[in-house]
Each structure stands twice: as C-alpha cells, then as structure tokens.
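Taking it in order: structure first as structure tokens, then the write-up.
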Amino acid sequence: MSIALFRKPPLATRLTRAVKALFAYGEQGAWLDPSDFSTLFTDSAGTTPVTAVGQPVGLMLDKSKGLVRGPELCTNGTFDTSTGWVLTANQSISSGALNFNNSTNEFATLPLSFTAGKWYEVSCTVVSTNSNVRLPYDGTVANIITTNAPGVFRYKFQAGNQVGLLYVGYGVALTASLDNISVKLLDGNHATQATAANRPVLQQDGNGKYYLAFNGTNQRMSTAAINFSATGKMTVWAGVRKLSDATTGIIAELTTSSANNGSFHVAGPGSNGLANYSIASRGTVGLAAAAATFTSPVTSVLSGTADISVPSLLIRVDGVQKTLSNVTQGSGTYANAALYIGARAGTSLFFNGNLHSLIIRGAASSAGQISSAEAFVASKTGVTL
C-alpha cells in the first residue's frame with residue numbers, strides 16, 4: 001500500500017475543514033470569506049460575479065451552510081408540458097420552451113412554496129428575446145430583475161411573506177423564448193448592500209491577501225435577521241486591518257445598537273481616539289471588553305467569546321488573551337436580528353479598514369476550535385500567530 005495514502009491534507013485544507021466543523025450540527029451564524037470569489041457578486045441580486053479586485057461587492061454569500069443548493073422547486077421548468085404554469089393569451093409553451101408572443105405587461109406565473117426569510121437561486125436559459133425579460137420574485141416593480149441577453153441568467157432573492165408565485169416576463173411587446181427555469185434554496189445568512197455607492201470594494205494587499213475595503217464613511221453591508229434567540233453563547237473571529245483610531249468603527253454588530261438586549265459587537269477602535277479593539281455583549285445588562293494597545297494602521301486576528309448566563313466575555317488578539325471579564329450581562333439570549341458589517345445599523349460608527357475574514361458562531365467554542373479558527377483567519381490576513 002502506498003505511503004501517500006497516509007499523508008496529511010495540506011494545512012489550508014485542514015483549517016478550512018475546522019471552520020466547516022464549527023457549523024456541523026446546525027449552529028447558527030455566518031462565515032464570510034472575501035477570498036472566495038465564488039461567494040462574491042457585484043450586485044445585491046447576485047446576477048454578476050466578482051471577477052477582479054477593484055470591483056464593488058453587493059452580495060457576499062455565507063458559507064456556514066455549505067452553499068449547497070436545495071432540491072428543485074420548479075415544476076416543469078424544462079417545459080416538456082404546460083403543467084403548473086399559468087399563462088395569458090399571448091404566452092404559450094411549445095417546442096420545449098416558454099414563449100412570449102408580443103406579450104405586453106403580462107406575467108407567466110408558477111405557484112411555489114417559499115419560506116419567508118430564506119434565500120433562493122433562480123436560473124433560466126434565455127433562448128431569444130427582443131427586449132428586457134423581467135423576473136421579479138413577488139410581482140412588484142421594486143423587485144424586478146431584468147436581462148436582455150441570450151444565455152444562462154441567474155439571480156438570487158430573499159423571500160418575503162407575500163411570495164407564493166414565481167413571475168416571469170412582463171414588458172412592452174415582449175417576444176421571447178425561455179427554457180430550463182430552475183428554483184432552488186440557497187440557505188445561509190448572506191450579506192448584501194443594495195445601494196451601489198455604499199458597497200465595499202474587493203482589494204488585494206501586497207501579500208496577495210484579499211479583503212473588503214470599507215472607507216469609514218458610507219460603505220457597509222448587512223444580513224437579514226439571524227435567529228440567535230435559542231442561545232446565550234457567542235463566538236466571533238475577524239481578520240481585519242484597522243486604518244484609523246480617530247472614531248469608533250463597528251466591524252460587525254448584531255442588532256442596531258449595543259443598548260439593545262441580545263446585542264453583540266466587535267469594534268476597531270472601540271472608542272474615539274483609542275488605539276484598541278473591543279467586543280461587547282448584552283443580555284439585559286451591557287458589558288464591554290477592550291484590548292490595547294494596537295495603533296493603526298495594524299492588521300490583526302481578533303477572536304471573542306461571550307456567555308450571558310455564566311457570565312463571561314473574552315477578547316483575544318493574534319492568538320493571545322487580552323481581557324476576560326466575568327461581570328454580569330444580566331439574563332436572556334441573543335437577538336433575532338440583522339447582522340451589520342462595517343457600521344452600526346448601516347448609519348453610523350463606520351469602520352475605516354479592511355475585512356479579510358468574518359466568522360460568527362452562536363455557540364460556545366472549545367480552546368481547540370478557537371485556535372484552529374484563529375489559524376484559518378490568520379492565513380487570510382498574513383498575520384503570524
């Protein structure tokens with residue numbers, strides 16, 4: 001038997017597996033990795049992949065659920081028959097395609113069962129079209145996504161309470177032919193920025209490490225509500241380069257303010273004019289822990305753990321424990337709330353710096369899990385632990 005069968009996988013593979021294992025039992029959270037181009041899109045609907053540095057990022061997919069697509073939800077998306085589809089007089093299914101025949105402001109619809117708050121990926125083949133084919137996910141103009149080019153078209157959306165149909169078409173004198181429509185669950189707590197001017201930008205440093213650049217003025221992202229209400233324990237890892245100590249910069253925060261019960265955040269710096277990092281946690285009572293002195297510009301691997309009931313709040317920098325506090329955090333669990341990245345509530349305390357990696361886990365983590373994830377984050381930043 002070849003000795004090669006007993007070789008260890010490369011270190012990068014082992015570290016990636018260690019991060020995947022943090023979510024192996026359904027732990028709630030998010031794993032955001034700017035170095036993974038397969039998770040980055042220039043727009044918030046995920047129609048245009050990021051392909052190079054210097055491009056804005058409007059959608060960053062969460063890897064904590066494995067990016068595994070769910071089973072096919074679309075009935076007869078290959079149009080072998082007309083089963084399931086509701087058409088108007090100017091639409092038809094023939095020759096294995098959905099056809100629009102001079103159709104004006106009319107949708108072809110397909111009843112589907114979506115779960116509010118979940119993300120879905122839609123793809124279709126545009127065989128031909130004379131104008132924009134509109135593919136809204138709830139029939140409202142605000143949520144219309146368009147394409148006017150033949151080829152395979154993909155987009156992603158988060159379902160709302162009103163969603164019960166897939167809408168296809170809608171346009172003035174639309175003549176088009178579509179095929180291979182697919183709808184699948186894309187589970188995860190994905191981060192988005194709908195406003196183009198507010199999107200962070202993918203960049204690469206001199207060591208070849210990728211990051212999202214936040215300008216400290218208006219750039220930020222956020223997820224939809226992440227339900228941490230079943231746990232009072234939290235672990236966070238972040239690889240960052242802090243560029244200024246002038247004003248407080250929120251790297252990531254659950255809820256819109258540290259004054260909210262069930263909130264959690266990591267910041268750099270933690271207060272105006274201080275050369276530090278901080279984390280904060282709140283059950284019904286708020287508590288913060290800071291790590292000094294880390295004068296900007298500085299690249300760091302941050303990790304923090306919090307437990308509301310114990311109580312405990314710990315911050316580590318570059319693999320070294322800095323502050324541990326056992327002061328009360330009151331009672332309760334973490335919130336079912338949005339995670340804001342790069343700013344508080346998307347409106348203040350903007351982070352001036354670079355984000356190389358962010359992992360949020362709604363659970364207690366062992367010493368081995370903490371150090372393995374720190375090593376993974378260090379590999380994304382160039383920091384030597």
Determine whether a donor-acceptor pair (N or O, by modelled atom type, separation under 3.5 Å) exists between the side chain of [X] and the backbone of [Y].
X	Y	answer
Gln158	Gly117	yes
Gln219	Asn215	yes
Asn99	Ile93	no
Thr256	Ala345	no
Thr125	Val127	no
Arg344	Ala252	no
Arg199	Thr42	yes

Looking only at the side chains, is there a donor atom on one of [X] and [Y] sitting less than 3.5 Å from an acceptor on the other?
X	Y	result
Thr299	Arg241	yes
Asn90	Thr88	no
Ser177	Asp179	no
Ser182	Glu72	yes
Ser296	Asp245	yes
Thr247	Asn272	no

| said: Looking at Asp62 and Lys65, is there a salt bridge between them, counting it only when a charged N and a carboxylate O are closer than 4.0 Å? | reply: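 Answer for the salt bridge query: no.
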
Of all heavy-atom pairs between [X] and [Y], which one has the smallest distance, and what is that distance?
X	Y	result
Asn218	Arg220	O-NH1, 2.7 Å
Leu174	Ser131	CD1-OG, 3.5 Å
Gly46	Lys156	O-NZ, 3.2 Å
Ser379	Lys209	O-NZ, 2.8 Å
Asn102	Thr175	N-OG1, 3.3 Å
Gln91	Ser103	NE2-OG, 3.6 Å

Transitive ILVMFWY side-chain link [X] to [Y], under 4.5 Å:
X	Y	answer
Val168	Tyr120	yes
Ile370	Val383	yes
Val377	Ile341	no
Met234	Val327	yes
Leu212	Trp237	no

Which word best sums up how the rings of [X] and [Y] line up, parallel for under 30°, tilted for 30 to 60°, or perpendicular for over 60°?
X	Y	value
Tyr277	Phe294	tilted
Phe79	Trp85	tilted
Tyr211	His356	tilted

| Verdict with supporting geometry, Leu302 and Ile315, side chain to side chain contact (heavy atoms under 4.5 Å, CB included) | CA-CA 7 Å; Leu302 311 179; Ile315 184 170; 5.6 Å; no

Hey, could you give me the [atom1]/[atom2] distance between [X] and [Y], rounded to the nearest 0.5 Å?
X	Y	atom1	atom2	result
Asp43	Leu59	CG	CG	7.5 Å
Arg361	Thr235	CZ	OG1	6.0 Å
Thr223	Ile360	OG1	CD1	9.5 Å
Gln203	Gln55	CD	CD	10.5 Å
Trp119	Asp187	CH2	CG	12.0 Å
Thr295	Lys242	OG1	NZ	6.5 Å

Are [X] and [Y] side-chain neighbours, meaning at least one heavy-atom pair lies under 4.5 Å?
X	Y	value
Phe100	Thr129	no
Gln329	Ile308	yes
Asp33	Ile359	no
Thr333	Thr231	no
Ile181	Leu166	yes
Leu22	Glu27	no
Phe350	Thr217	no
Ile250	Phe351	no

| task | Please report the C-alpha distance between Ser64 and Asn189 in whole Å, then the side-chain angles of each, then the deciding distance to 0.1 Å, and finally whether the side-chain hydrogen bond (donor to acceptor under 3.5 Å, both in side chains) criterion is met. | result | CA-CA 8 Å; Ser64 71; Asn189 298 306; 5.0 Å; no

| task | Could you walk me through whether Arg69 and Leu185 pass side chain to side chain contact (heavy atoms under 4.5 Å, CB included), step by step? | result | CA-CA 6 Å; Arg69 273 58 173 179; Leu185 175 70; over 6 Å; no

| request: Please step through side-chain hydrogen bond (donor to acceptor under 3.5 Å, both in side chains) for the pair Ser281 and Tyr334, ending with a clear verdict. | output: CA-CA 9 Å; Ser281 174; Tyr334 290 104; 2.6 Å; yes

| message | Before you tell me yes or no, could you show the steps for Asn326 and Ser312 under side chain to side chain contact (heavy atoms under 4.5 Å, CB included), namely the whole-Å CA-CA distance, both residues' side-chain angles and the distance that decides it to 0.1 Å? | response | CA-CA 5 Å; Asn326 300 115; Ser312 175; 4.0 Å; yes

